[in-house]
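Quick notes on the structure that follows.
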There are 2 protein chains.
Amino acid sequence: MVSDHTHSPDNDDFPQEINGLRMTRQRKEVYRCLMEHRVHPTAQDVFLEVKDKLPQISLATVYNCLEALTQHGIIRQVHFDRESCRYCPNLLDHGHFHDQATGKIHDVTFKPGVKLEDVLDLPPGTVVSNIELTLRGTIAS
Amino acid sequence: MVSDHTHSPDNDDFPQEINGLRMTRQRKEVYRCLMEHRVHPTAQDVFLEVKDKLPQISLATVYNCLEALTQHGIIRQVHFDRESCRYCPNLLDHGHFHDQATGKIHDVTFKPGVKLEDVLDLPPGTVVSNIELTLRGTIAS
DNA sequence: AATTAAAATAAGAATCATTCTTGACTGTGG
DNA sequence: CCACAGTCAAGAATGATTCTTATTTTAATT
Ligand SMILES: [Mn+2]
Ligand SMILES: [Mn+2]
Ligand SMILES: [Zn+2]
Ligand SMILES: [Zn+2]
């Protein structure tokens, strides 16, 4: 990994640090990949994409980057059954709809003003720290 | 697998067949385990429990049984991130709350009359065939 | 510019839940 | 009794993820 002392093209307009996490070249590219395409890729998908920019990157490093970004609340994991994890840079409360016809995954938001407590029969005193909502189906044309 | 021609104790009041699936001794015990405890066990959990009744059963057979029961709509898989699958015999629409203090998993039902379309911003024409709702948190005493 | 310690990366090995493969067994009906 | 279809057990294979370790990079200091 040859580094340029003066003005590397990766020093773009990109912040050097997010949420206290140092944004290395690898982390920047991984994050940029998620932000640009927003298709909820797997680690493998990200790996193939990022290799264009950083040919020497390894899959393990992609996993490391995704883990670091996740731990610092910059992105989130998305799970579909036991398939490979997918990653999402949308930090707003939302669920995921898997279109079984196209294979695409769409973000799904709650209608404005909706709170889970209004809708679910939770035991009194329940404090919910995390929600994962996954839908599957099709979209009629 | 010694079988009793006359009146094995497993021929109880248990149906010979559910949803077109022949209920063998192994499948009966696996299903009974889920129905009796209702703690959303993993395949490994079921294996350890069922071994009391069928000491020669293998983990692979437990997986086979759980798969057969799932395919015939008798039980359902429950996923928590990428942990081992868990299994649930409650066929009503419901989600799962994972109490992070106790580690226990509780079924969570929707309040009566609630429909997803009332709550989610789904693209028009969306046909939802499957929902998975997972919550994590704690219950204040 | 050189020195140093801490953090990050690359490469491959290890892990482990799950699935697959294969050969043996069971029960039913002819 | 025999053939057939359905099941089962045991272990091998798979594959996503994690771990290990040596190397490289970074940022801070002389
Ligand atoms: Mn590409
Ligand atoms: Mn037991
Ligand atoms: Zn998303
Ligand atoms: Zn349940």
Side-chain angles (χ1 to χ4, degrees), chain A residues 1-8 10-11 14-31 40-48 50-51 53-72 74 77-87, chain B residues 1-8 10-11 16-31 40-48 50-51 53-72 74 77-87:
Chain A
M1 192 180 307
V2 180
S3 121
D4 178 5
H5 283 238
T6 56
H7 205 87
S8 112
D10 301 289
N11 284 344
F14 216 97
Q16 296 299 117
E17 188 169 310
I18 302 182
N19 286 5
L21 180 69
R22 210 166 94 201
M23 291 304 280
T24 64
R25 197 163 319 182
Q26 290 82 353
R27 288 172 186 161
K28 279 178 196 169
E29 286 306 327
V30 167
Y31 185 53
H40 303 91
T42 64
Q44 186 66 224
D45 295 335
V46 173
F47 176 52
L48 293 176
V50 168
K51 262 206 300 201
K53 277 285 193 71
L54 304 175
Q56 82 296 2
I57 199 170
S58 74
L59 179 57
T61 295
V62 172
Y63 271 110
N64 287 342
C65 291
L66 291 168
E67 170 72 9
L69 292 166
T70 302
Q71 286 310 311
H72 285 75
I74 303 168
Q77 285 192 335
V78 177
H79 303 280
F80 288 91
D81 298 355
R82 303 203 92 250
E83 293 170 15
S84 305
C85 289
R86 294 174 176 278
Y87 296 87
Chain B
M1 192 184 307
V2 180
S3 121
D4 179 5
H5 282 239
T6 55
H7 206 85
S8 111
D10 302 288
N11 283 344
Q16 296 300 117
E17 188 169 312
I18 302 183
N19 287 4
L21 179 68
R22 206 166 100 201
M23 291 303 281
T24 64
R25 197 163 321 180
Q26 289 81 352
R27 288 172 185 161
K28 279 179 195 169
E29 285 305 327
V30 166
Y31 184 55
H40 303 90
T42 65
Q44 185 67 228
D45 294 336
V46 173
F47 175 52
L48 293 176
V50 168
K51 261 205 303 202
K53 278 284 193 69
L54 304 174
Q56 83 297 359
I57 200 169
S58 74
L59 179 57
T61 295
V62 172
Y63 271 110
N64 286 341
C65 291
L66 290 167
E67 170 72 9
L69 291 166
T70 302
Q71 285 311 311
H72 285 75
I74 302 167
Q77 285 192 335
V78 177
H79 304 279
F80 288 91
D81 300 351
R82 303 203 93 252
E83 293 170 16
S84 305
C85 290
R86 295 175 175 278
Y87 297 86

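Every heavy atom of this structure was used, including side-chain atoms; hydrogens, water molecules and symmetry mates were not.
Atom NE2 of B/His72 is separated from atom OG1 of B/Thr70 by 11.0 Å, given to the nearest 0.5 angstrom. In this structure, SG on B/Cys65 lies 6.0 Å from CD on B/Gln26, to the nearest 0.5 angstrom. Atom CG of residue B/Asp45 and atom OH of residue B/Tyr87 lie 11.0 Å apart, to the nearest 0.5 angstrom. In this structure, B/Thr24 OG1 and B/Gln16 CD are separated by 10.5 Å, a value rounded to the nearest 0.5 Å.
Going from atom CG of A/Leu54 over to atom P of C/dA11 covers 12 Å, rounded to whole Å. In this structure, B/Glu17 atom CD and C/dT28 atom P are separated by 13 Å, rounded to whole Å. Look at CG on A/Asp81: it is 15 Å from C1' on C/dA17, rounded to the nearest Å.
Under the side-chain contact (heavy atoms from CB on, under 4.5 Å) criterion, A/Ser84 pairs with A/Thr42, sequence neighbours left out.
Side chain of A/Arg27 to backbone of A/Leu66: no donor-acceptor contact under 3.5 angstrom is found.
Side-chain proximity of B/Ser58 to D/dT26, C/dT9, D/dA10: nearest is D/dA10.
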What N/O pairs connect the protein and nucleotides 17-19 of chain D at under 3.5 Å? Give each pair on its own line.
| unit_1 | atom_1 | unit_2 | atom_2 | d |
| --- | --- | --- | --- | --- |
| D/dT17 | OP1 | A/Cys85 | N | 2.8 |
| D/dT17 | OP1 | B/Arg82 | NE | 3.2 |
| D/dT17 | OP2 | A/Tyr63 | OH | 2.3 |
| D/dT17 | O5' | A/Tyr63 | OH | 3.4 |

Pairs under 3.5 Å (N/O, protein and nucleotides 4-8 of chain C):
| unit_1 | atom_1 | unit_2 | atom_2 | d |
| --- | --- | --- | --- | --- |
| C/dA8 | OP1 | A/Arg27 | NH1 | 3.0 |
| C/dA8 | OP1 | A/Arg27 | NH2 | 3.4 |

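B/Lys51 places none of its side-chain heavy atoms less than 4.5 Å from the side chain of B/Glu29. By the 4.5 Å heavy-atom criterion applied to side chains, A/Leu69 and A/Met23 are counted as neighbours.
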